[in-house]
Participant: 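Got a structure for you, questions after.
In this text, all values refer to a predicted model and were calculated from it rather than measured experimentally.
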Number of protein chains: 2
Amino acid sequence: MNGEPHVEAARSSIQPVMRSEVFHDPATDVVLDVISSGVAAADVITIHATCEVEYEGRAAGYLGLGDRIILCKPDGTLLVHRPTGNDPVNWQPPGTTITTETEDGNPVVIGRRANPDEVVRVVLHTVALCTRVDADDTAPLELSGTEADMHQYILEHPDEIEPGLRVLEHERDTPYGSIDVYANDSEGRPVVIEVKRRQATLTHVDQLNRYMTQYRTSNPNARGILVAPAASEGVKRALEEAELEFVGLSEFAAQNTNVSSTTINDFTPD
Amino acid sequence: MNGEPHVEAARSSIQPVMRSEVFHDPATDVVLDVISSGVAAADVITIHATCEVEYEGRAAGYLGLGDRIILCKPDGTLLVHRPTGNDPVNWQPPGTTITTETEDGNPVVIGRRANPDEVVRVVLHTVALCTRVDADDTAPLELSGTEADMHQYILEHPDEIEPGLRVLEHERDTPYGSIDVYANDSEGRPVVIEVKRRQATLTHVDQLNRYMTQYRTSNPNARGILVAPAASEGVKRALEEAELEFVGLSEFAAQNTNVSSTTINDFTPD
DNA sequence: ACCTCCATTTCGGGA
DNA sequence: TCCCGAAGTGGAGGT
């Protein structure tokens with residue numbers, strides 16, 4: 001049964017199914033053929049193999065023999081996954097050119113890209129499984145609870161930040177960074193707001209402080225507010241020292257994204 | 001051939017091979033059994049399926065029908081990959097509990113974790129392929145060209161930063177952030193060095209500036225140097241305004257990690 | 001557990 | 001293309 005493909009074609013035009021081929025314990029030439037023909041046909045290729053991985057580019061790496069799952073996507077993505085961990089142990093982002101060669105009779109998968117110039121080389125010592133499927137996926141990911149949603153909420157409910165706040169501008173780019181929200185307070189003072197969807201950190205203070213330091217040279221009375229669901233004591237101290245303010249929007253704390261009766265839950269498709 | 005497993009056991013104790021089972025176009029109960037038994041056996045499970053994905057946790061998401069590859073790892077990692085993109089469209093990091101259920105006769109994969117409380121639910125409408133393999137991988141990843149390597153290089157070659165520089169300390173933690181390198185220049189002035197292994201950005205300037213602002217209250221003549229392979233004009237301007245300096249270490253520019261005769265190339269295993 | 005920072009970060013948007 | 005900042009960032013290391 002070695003190398004014998006099990007083909008399952010689409011069974012109907014109404015509900016098309018992924019066309020898939022599986023090669024069990026395939027010989028080297030079968031692996032090479034599946035990869036090259038699969039890449040040419042824009043299929044997704046998965047390989048279960050004991051392999052070795054070399055990487056050279058922005059950094060350089062070597063990974064000795066082990067059992068991994070290799071994924072080759074039609075957009076050039078190359079992923080090498082270990083049996084543990086969220087992130088691939090080696091990878092190559094979209095835009096990579098995937099080719100093959102042999103080394104000591106073993107099939108080798110090569111992912112090469114320019115800018116940055118990087119190569120990942122996967123030497124397949126024992127291939128347990130090699131598959132190619134024709135995958136079609138155009139559904140948009142609908143995601144809510146992002147920072148963009150929080151911006152929208154603030155634009156529509158400025159009083160939640162501070163009574164009398166009037167929003168004047170959203171996402172203004174400047175040479176010293178971009179401002180999330182520009183507003184005036186009830187006394188007409190300029191207010192710059194930096195929004196974070198999760199616990200505020202020092203880098204967030206930095207970001208606001210960088211802009212405010214510049215802005216205050218021409219607007220000494222300008223206020224800077226960091227808006228986030230929460231902030232550590234260190235962050236609050238850093239804010240005070242920079243004469244900046246913190247406003248906690250606990251509605252946006254984690255595990256509370258499905259608030260009803262607000263606009264936060266409105267989906268914002270790609 | 002539906003649901004019939006193709007089993008390939010290890011063939012020798014000398015060179016063990018991944019034990020693998022493949023189910024082609026499996027029925028719902030087969031999918032459910034493969035997942036639950038595979039999870040129990042600490043196997044890696046891959047599913048090629050047309051599916052729907054729901055996510056709720058720090059944010060909330062919905063992904064309509066499409067062809068994807070689902071990966072379940074024995075450490076609880078759950079990955080849903082589209083045919084494009086480096087990153088999974090939905091995922092659950094290690095530590096997740098993977099369970100199954102059915103919905104309208106379709107198998108459903110559920111990944112649930114606490115802290116943060118998050119759930120990913122994958123509704124499998126048509127499963128083309130379902131595999132489980134017993135993967136073993138203990139090889140350490142050897143990686144060079146990281147920021148740690150750059151630190152080491154600077155510690156051993158301080159003159160590359162500036163003639164006469166004497167390094168006094170490495171990685172000092174403070175309430176206002178950690179310093180990469182603390183040194184004295186040829187005139188005895190304190191020098192704080194922030195090291196970046198790639199093109200410097202404004203946030204890197206922030207990081208150095210945050211600390212220097214504090215440090216200079218007690219050491220007004222202290223110098224702050226950002227060391228990186230390169231920096232944009234905006235970064236250099238921001239540095240000047242904060243009275244900080246930039247030193248370009250072009251040896252560490254991308255695509256130049258394999259410099260010979262230096263220590264940068266020494267592997268630093270996990 | 002919290003906080004900070006690196007990452008071969010990747011990804012998307014704007015100039 | 002570069003530059004900048006978000007991400008359901010993940011992961012490591014220290015306190």
Participant: Under 4.0 Å: is that the gap between some side-chain N or O of Gln199(B) and OP1 or OP2 of dC3(D)?
Facilitator: yes
Participant: Which whole-number value in Å describes the distance from Leu79(B) CG to dG10(D) C1'?
Facilitator: 12 Å
Participant: Using the P atoms only, state how far dT8(C) lies from dG5(D), rounded to an integer number of Å.
Facilitator: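 The same atom, P, in both gives a distance of 22 Å.
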Participant: Between Glu240(B) and Arg237(B), is the closest basic N to carboxylate O distance under 4.0 Å?
Facilitator: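 Judged by the 4.0 Å cut-off on N to carboxylate O distance, Arg237(B) and Glu240(B) do not form a salt bridge.
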Participant: Has the side chain of Gln92(B) got a donor or acceptor that lies under 3.5 Å from a partner of the other kind on the base of dG8(D)?
Facilitator: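 Indeed, a donor on one side and an acceptor on the other fall under 3.5 Å apart.
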Participant: Let me know the distance between CG of Leu226(B) and P of dC5(C), rounded to the nearest Å.
Facilitator: 14 Å
Participant: Take atom CD1 of Ile179(B) and atom P of dC6(C), then tell me their distance rounded to the nearest Å.
Facilitator: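 Result: 13 Å.
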Participant: To the nearest Å, give me how far apart CD (Glu194(B)) and P (dT4(C)) are.
Facilitator: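 Taking atom P of dT4(C) as the reference, CD of Glu194(B) is at 15 Å.
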Participant: How would you label the contact of Glu118(A) with the nucleic acid (heavy atoms, under 4.0 Å): base, sugar-phosphate, or nothing?
Facilitator: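 Here Glu118(A) touches the bases of the nucleic acid.
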Participant: Are OP1 or OP2 of dC6(C) and a side-chain N or O of Thr146(B) less than 4.0 angstrom apart?
Facilitator: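 Checking dC6(C) against Thr146(B), no side-chain N or O comes under 4.0 Å of OP1 or OP2.
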Participant: Checking side-chain contact (heavy atoms from CB on, under 4.5 Å) for the pair Leu63(A)/Arg68(A): CA distance, chi angles, key distance, verdict?
Facilitator: CA-CA 11 Å; Leu63(A) 181 64; Arg68(A) 284 132 209 165; 3.4 Å; yes
Participant: Look at Arg58(B) and dA7(D) and indicate whether a side-chain polar atom (N or O) is within less than 4.0 Å of OP1 or OP2.
Facilitator: no
Participant: Charged N to carboxylate O under 4.0 angstrom, Glu101(A) versus Arg121(A)?
Facilitator: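 Counted as a salt bridge, because a side-chain N and a carboxylate O are separated by less than 4.0 Å.
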Participant: To the nearest Å, how far apart are Lys236(B) NZ and dC2(D) P?
Facilitator: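 Lys236(B) atom NZ is separated from dC2(D) atom P by 15 Å.
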Participant: Considering all heavy atoms of both residues, which atom of Gly76(B) and which atom of Ile98(B) are nearest to each other, and what is their separation?
Facilitator: O-CD1, 3.8 Å
Participant: Across the strands shown, which category fits Glu233(B) at heavy-atom distances under 4.0 angstrom: base, sugar-phosphate, nothing?
Facilitator: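 Nothing, no nucleic acid heavy atom in range.
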Participant: For a quick check, tell me whether the side chain of Asn86(A) and the base of dG11(D) share a donor-acceptor pair closer than 3.5 Å.
Facilitator: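 Such a pair does not exist between side chain and base.
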Participant: If you compare every side-chain N and O of Trp91(B) against the phosphate oxygens of dT9(D) (OP1, OP2), does one of them come in below 4.0 Å?
Facilitator: no
Participant: Taking the side chain of Arg210(B) as heavy atoms from C-beta outward, which of dG8(D), dC5(C), dG5(D) is closest to it?
Facilitator: dC5(C)
Participant: From the list dA6(D), dA7(C), dC4(D), which nucleotide is the closest neighbour of the side chain of Leu202(B)?
Facilitator: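 Shortest atom-to-atom distance from the side chain points to dC4(D).
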Participant: Heavy atoms from C-beta onward define the side chain here; which of dT8(C), dG11(D), dC4(D) lies closest to that of Val235(B)?
Facilitator: dC4(D)
Participant: How far, in whole Å, is dG8(D) from dC5(C) if one measures between their P atoms?
Facilitator: 22 Å
Participant: Taking atom OG1 of Thr77(B) and atom CZ of Arg82(A), what is their separation to the nearest 0.5 Å?
Facilitator: 12.5 Å
Participant: Look at all strands and tell whether Val89(A) reaches a base, only sugar-phosphate, or nothing, counting heavy atoms closer than 4.0 Å.
Facilitator: base
Participant: Side chain of Asn115(A) only, please: which of dG10(D), dT4(C), dC2(D) is the nearest?
Facilitator: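 Selected nucleotide: dC2(D).
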Participant: Can Val192(B) and Tyr215(B) be said to form a side-chain contact (heavy atoms from CB on, under 4.5 Å), step by step?
Facilitator: CA-CA 9 Å; Val192(B) 174; Tyr215(B) 192 67; 4.3 Å; yes
Participant: Would you say dT9(D) has OP1 or OP2 under 4.0 Å from some side-chain N or O of Arg198(A)?
Facilitator: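 Looking at the OP1 and OP2 atoms of dT9(D), one of them is under 4.0 Å from a side-chain N or O of Arg198(A).
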Participant: To the nearest angstrom, how far is Glu142(B) atom CD from dT8(C) atom C1'?
Facilitator: 16 Å
Participant: How far apart are the C-alpha atoms of Leu226(B) and Leu244(B), what are their side-chain angles, what is the distance that settles it, and do they pass the side-chain contact (heavy atoms from CB on, under 4.5 Å) test?
Facilitator: CA-CA 8 Å; Leu226(B) 180 55; Leu244(B) 300 171; over 6 Å; no
Participant: Relative to the 5' end of DNA chain D, which residue comes earlier, Arg113(B) or Pro94(B), by the nucleotide with the nearest heavy atom?
Facilitator: Arg113(B)
Participant: Could you state the CG-P distance from Asp75(A) to dT10(C), rounded to the nearest angstrom?
Facilitator: 13 Å
Participant: Could you tell me whether Gly234(A) contacts a base, only the sugar-phosphate backbone, or nothing, with contacts defined as non-hydrogen atoms closer than 4.0 Å?
Facilitator: nothing
Participant: Taking only the side-chain heavy atoms of Arg197(A) (C-beta and beyond), determine which of dG5(D), dC4(D), dT9(D) contains the nearest atom.
Facilitator: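 My answer, after comparing the listed nucleotides, is dT9(D).
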Participant: For a quick check of understanding: with a heavy-atom distance under 4.0 Å over all strands, which category does Glu171(A) fall into, base, sugar-phosphate or nothing?
Facilitator: nothing
Participant: Out of dG14(D), dA7(D), dT8(C), which has the shortest distance to the side chain of Asp173(B)?
Facilitator: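 For Asp173(B), the side-chain atoms sit closest to dG14(D).
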Participant: Side-chain N or O of Gln207(B) versus OP1/OP2 of dT4(C): is the shortest distance under 4.0 Å?
Facilitator: no
Participant: Is Lys196(A) near enough to dA7(D) that one of its side-chain N or O atoms lies under 4.0 angstrom from OP1 or OP2?
Facilitator: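 Checking dA7(D) against Lys196(A), no side-chain N or O comes under 4.0 Å of OP1 or OP2.
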Participant: Leu143(A) has an atom CG; how far is it from atom C1' of dC11(C), in whole Å?
Facilitator: 13 Å
Participant: Nearest to the side chain of Asp87(A) - dG11(D), dG8(D), dT8(C)?
Facilitator: dG11(D)
Participant: Assuming nearest nucleotide by heavy-atom distance, tell me which of Pro93(A) and Asp180(B) is located more 5' along DNA chain C.
Facilitator: Asp180(B)
